[in-house]
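Each remark here refers to the structure printed beneath this line.
All values below come from the heavy atoms of this structure, side chains included, with hydrogens, waters and symmetry mates left out.
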Amino acid sequence: MRDTHAATEDAAADDRRTFLQAIGAAATVPALVGTAVGDASSESDAPEPIRSSDEIVPITHGIAVGDVTATTAVVWARAEREATIHVAYAPIESADKAGYERVSVDGETDYTGRVRLTELASGTEYRYFVWAMPAAAGPMSKRPLDVDELTADAMPDAIEYGTFLTAPSSTEERSVTFAWSGDTWGYGDDPIEPPFPGLRSIAEREPDFFLYHGDTIYADAQTPAGKITENTPLDEALEIYRDKYKEMRDPPASVAERTNLRELLESTSVYTVWDDHEVINNFAGPIEPLMPEGRRAFREYWPLDRDEDAAPGDSNRFYDSFRWGKHVELFLIDTRQYRDPNVELDSKTLLGREQREWLKDALADSDATWKVLASPAPLGYPSDSWATSADRTGYEAELLELVEFVQTEEIANLVVVAGDVHKSVVGAFDPDDDGEFEFVEAVAGPLGAPSGPADEQYAPLNPTTFFAKGEYANFGTVEVAESGEAITIGIYDEFGDEQFTKEVQAADIDPGPTPTDSIESSFDDGTDGWLVSQNGGSDQPEYYETGGNPGGHIGDEENQGGIAWYYQAPFSYLGDRESFYGGTLSFDLRQEQPDQQFDAEPIEGGDVLLAGDGTQLVYEFRDPEQVPGEEWTSFEVPLTASVPWIDLTSQDPLATEERFRDVLADLTVLRIRGEYRSGDDASYLDNVVLSK
């Protein structure tokens with residue numbers, strides 16, 4: 001890989017001159033300069049050649065190429081002032097196949113511009129050159145390039161250059177390697193400042209592309225560019241956002257000489273994903289007043305090309321998929337722009353209906369060997385997004401929907417790569433507990449933000465943890481072999497030292513559902529993924545190895561009083577369970593103390609709650625003696641409308657068979673009441689069985 005800081009000026013000048021001479025050999029290439037002319041075919045109207053570097057407008061914050069496909073790429077640059085940005089490009093091994101494009105920029109986009117390159121050769125390494133000239137006052141001139149008219153001393157300082165690799169076509173069997181991480185500069189009261197060694201270490205690995213996976217800036221943390229707060233005036237926010245992106249490429253000299261981001265972006269292409277800190281911490285979709293300004297700056301400062309109906313950089317759609325040969329398809333999703341606010345609801349969306357349906361269709365239609373889902377936040381590690389064991393957000397219902405879709409459609413070889421949580425964690429998940437993994441997930445980062453200790457993965461998804469480490473800066477890599485038979489996940493510290501690698505075979509992931517007549521939790525080996533739902537939140541229950549009925553069991557205590565709380569079933573109980581209609585739910589309960597009993601109202605959830613398809617059904621034990629005592633008490637609940645199940649979401653008080661079957665066919669919540677006593681209370685659960 002070329003190191004721009006190690007290369008001498010003479011070598012850089014020679015490299016540029018050689019490439020420009022190759023372009024000059026092309027039959028017709030538009031002129032380098034962008035001055036106004038009348039008739040472009042008139043030799044007398046042709047613009048004067050560049051005689052001095054003073055005639056060139058500086059490129060101020062480096063260059064980048066992004067959203068590369070087999071035949072297209074988008075080049076990004078920023079000029080110092082109003083100008084025309086020019087891009088010349090050609091395959092490194094075939095400089096005679098040169099191309100040229102340009103775009104005018106002004107203050108409306110903070111002098112940033114994107115140029116879309118088309119008709120590229122697949123699986124080919126390209127070199128590209130970027131420079132800017134004063135903006136044209138009229139039509140742009142076109143004439144063959146005469147490189148002899150260019151002064152050599154104008155080139156080294158005036159022209160930026162880099163390299164990128166186009167994706168192999170969807171039929172090409174090629175190996176693919178990429179790196180990912182995120183979370184850079186400006187977090188908390190004592191932010192980590194540049195340079196960020198991880199960015200340089202990634203460049204040194206020469207990946208096919210880099211996935212910059214969220215929190216590319218910390219707009220809401222204090223850096224020299226400023227700080228966004230909820231009180232920042234909208235007319236000031238855009239400039240702060242823009243300045244954040246500028247300082248990530250060129251930090252103030254008082255802070256550091258460089259961040260290493262420019263050098264990485266010059267060496268490979270990038271796919272950029274946003275998360276919350278591009279706007280403000282934990283922001284939720286369109287209700288955030290600052291989102292339009294944060295979104296605009298993100299769009300201005302990255303080479304995005306994710307909407308075929310929009311010019312590069314003009315679309316607010318940030319989700320799309322990118323194919324890399326026969327074996328890899330990368331799915332980028334946006335978990336911020338469309339999400340519902342994080343208020344107390346049982347079911348909310350991170351993706352929005354349109355994006356969610358696109359993702360399902362795209363996964364189902366893909367014939368790539370490996371489907372790589374780039375989710376800013378992990379699916380299987382607690383955060384403020386998909387799932388959390390500390391504060392029930394309600395987004396788990398959408399997570400369940402996606403997991404069930406992967407199972408029913410048998411989406412083969414799904415690997416999730418994520419960031420956001422400032423830990424490195426690699427694991428696999430078997431949510432239906434059939435002994436086969438539905439997907440593998442790898443989390444990496446941060447590059448330049450504080451990192452705490454790693455926590456446990458999300459228990460209701462039945463995880464197997466291969467690696468977990470916190471309190472250090474890191475990045476991840478993915479390598480898919482040319483044969484497509486295996487994918488290798490690597491975790492490295494910021495200096496490039498290996499922390500963990502794991503090879504996953506295609507045979508290791510089998511998403512197909514396994515028919516079952518019963519689902520059981522004996523709690524002999526752990527909590528089996530159960531949570532405790534109380535006071536609008538959920539957390540892990542206490543696990544007891546002995547004292548159950550028999551063996552292990554789970555329990556919890558509540559000292560708030562006044563609100564019934566529940567044991568919440570993991571994903572293995574959920575999904576399409578219509579075949580269990582007419583079956584039973586049985587379990588054992590006991591209490592620490594059986595006095596001060598109260599009867600929860602149905603609106604609080606009854607003794608058992610089932611939810612799905614927008615319907616909530618509750619069942620209550622009508623016998624006054626049917627309350628758990630100090631010894632284990634067994635309960636059996638018929639899963640049929642022939643006994644009185646209360647429909648909380650219908651004007652009819654009792655559930656019909658049709659409504660009951662609809663709930664079971666889309667079961668998203670199963671809860672068993674754990675509190676029967678006013679005041680301080682302790683409850684224990686064992687031997688839960690859902691059977692046909």
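- No hydrogens or angles considered: a donor-acceptor pair under 3.5 Å links the side chains of Glu278 and Thr216.
- Residues Trp180 and Ile202 fail the side-chain proximity criterion, which asks for heavy atoms closer than 4.5 Å.
- With contacts defined as side-chain heavy-atom distances shorter than 4.5 Å, the pair Arg306/Ser315 does not qualify.
- Using a 4.0 Å cut-off between a side-chain N of Lys or Arg and a carboxylate O of Asp or Glu, Glu300 and Arg242 qualify as a salt bridge.
- Thr109 and Arg114 share no side-chain donor-acceptor pair at under 3.5 Å.
- Taking the side chain as every heavy atom from C-beta outward, Leu399 and Leu461 approach each other to under 4.5 Å.
- Between Trp324 and Phe178, the distance from one ring center to the other does not fall under 6.0 angstrom.
- In this structure, the side chains of Leu117 and Val75 come closer than 4.5 Å at one or more pairs of heavy atoms.
- Heavy atoms only, all atoms of each residue included: Ser375 and Val416 are closest at CB-CG1, 4.3 Å.
- Every residue meeting the ring pair (Phe, Tyr, Trp, His ring centres under 6.0 Å) condition with Phe429, not counting sequence neighbours, appears here in chain and number order: Phe439.
- Partners of Tyr338 under the ring pair (Phe, Tyr, Trp, His ring centres under 6.0 Å) rule, at least two apart in sequence or in another chain, do not exist in this structure.
- A side chain to side chain contact (heavy atoms under 4.5 Å, CB included) with Phe437 holds for exactly one of Thr464, Asp510, Val504; it is Thr464.
- Counting only N and O atoms by type, the side chains of Trp185 and Thr259 include no donor and acceptor under 3.5 Å apart.
- Between Ser572 and Asp433, the side chains place no donor N or O within less than 3.5 Å of an acceptor N or O (distance only, hydrogens not considered).
- Using a 3.5 Å distance cut-off with no hydrogens or angles, the side chains of Gln499 and Ser424 do not pair a donor with an acceptor.
- For the residue pair Glu398/Thr349, the side-chain donor-acceptor check at 3.5 Å is satisfied.
- For the residue pair Asp334 / Gln355, no side-chain donor-acceptor distance below 3.5 Å is found, with atom types taken as modelled.
- Asn413 places a side-chain N or O within 3.5 Å of a backbone atom of Thr369 that can act as its donor or acceptor partner.
- Aromatic ring centroids of Phe500 and Phe466 lie 6.0 Å or more apart.
- Partner of Tyr128 under the ring-ring contact (aromatic ring centres under 6.0 Å, His included) criterion, out of Tyr100, Phe164, Tyr89, Trp76: Phe164 alone.
- Leu359 has its side chain within reach of Leu402: a pair of non-hydrogen atoms, C-beta onward, lies under 4.5 Å apart.
- Counting heavy atoms from C-beta outward, Thr408 and Pro511 have side chains that stay 4.5 Å or more apart.
- Using a cutoff of 4.0 Å between basic side-chain nitrogens and carboxylate oxygens, Asp367 and Arg323 are scored as salt-bridged.
- Geometric assessment of Arg249 against the ring of Trp302 yields a positive cation-pi assignment under the 6.0 Å and 45° thresholds.
- For the residue pair Asp110 and Tyr301, a side-chain donor N or O sits within less than 3.5 Å of a side-chain acceptor on the partner.
- In this structure, the side chains of Val74 and Arg116 come closer than 4.5 Å at one or more pairs of heavy atoms.
- Of the charged side-chain nitrogens involved, at least one lies within less than 4.0 Å of a carboxylate oxygen, so that Lys360 and Glu401 count as a salt-bridged pair.
- Taking the ring axis of Tyr492 as reference, the NZ or CZ atom of Arg205 stays within 45° of it and closer than 6.0 Å to the ring centre.
- A salt bridge does not link Lys371 with Asp365: none of the charged nitrogens is closer than 4.0 Å to a carboxylate oxygen.
- Proximity of the aromatic rings of Phe318 and Phe298 is defined here by a centroid distance below 6.0 angstrom, and this criterion is met.
- For the pair Arg317 and Tyr319, the cation sits on the ring face: its NZ or CZ lies under 6.0 Å from the ring centre, inside 45° of the axis.
- Aromatic rings of His327 and Trp370 (six-membered ring for Trp) have centroids beyond the 6.0 Å cut-off, not under it.
- Salt-bridge check for Lys502 with Asp508: failed, with every basic side-chain N at 4.0 Å or more from each acidic carboxylate O.
- Using a 4.5 Å cut-off on side-chain heavy atoms (C-beta onward), Arg336 and Asp276 make contact.
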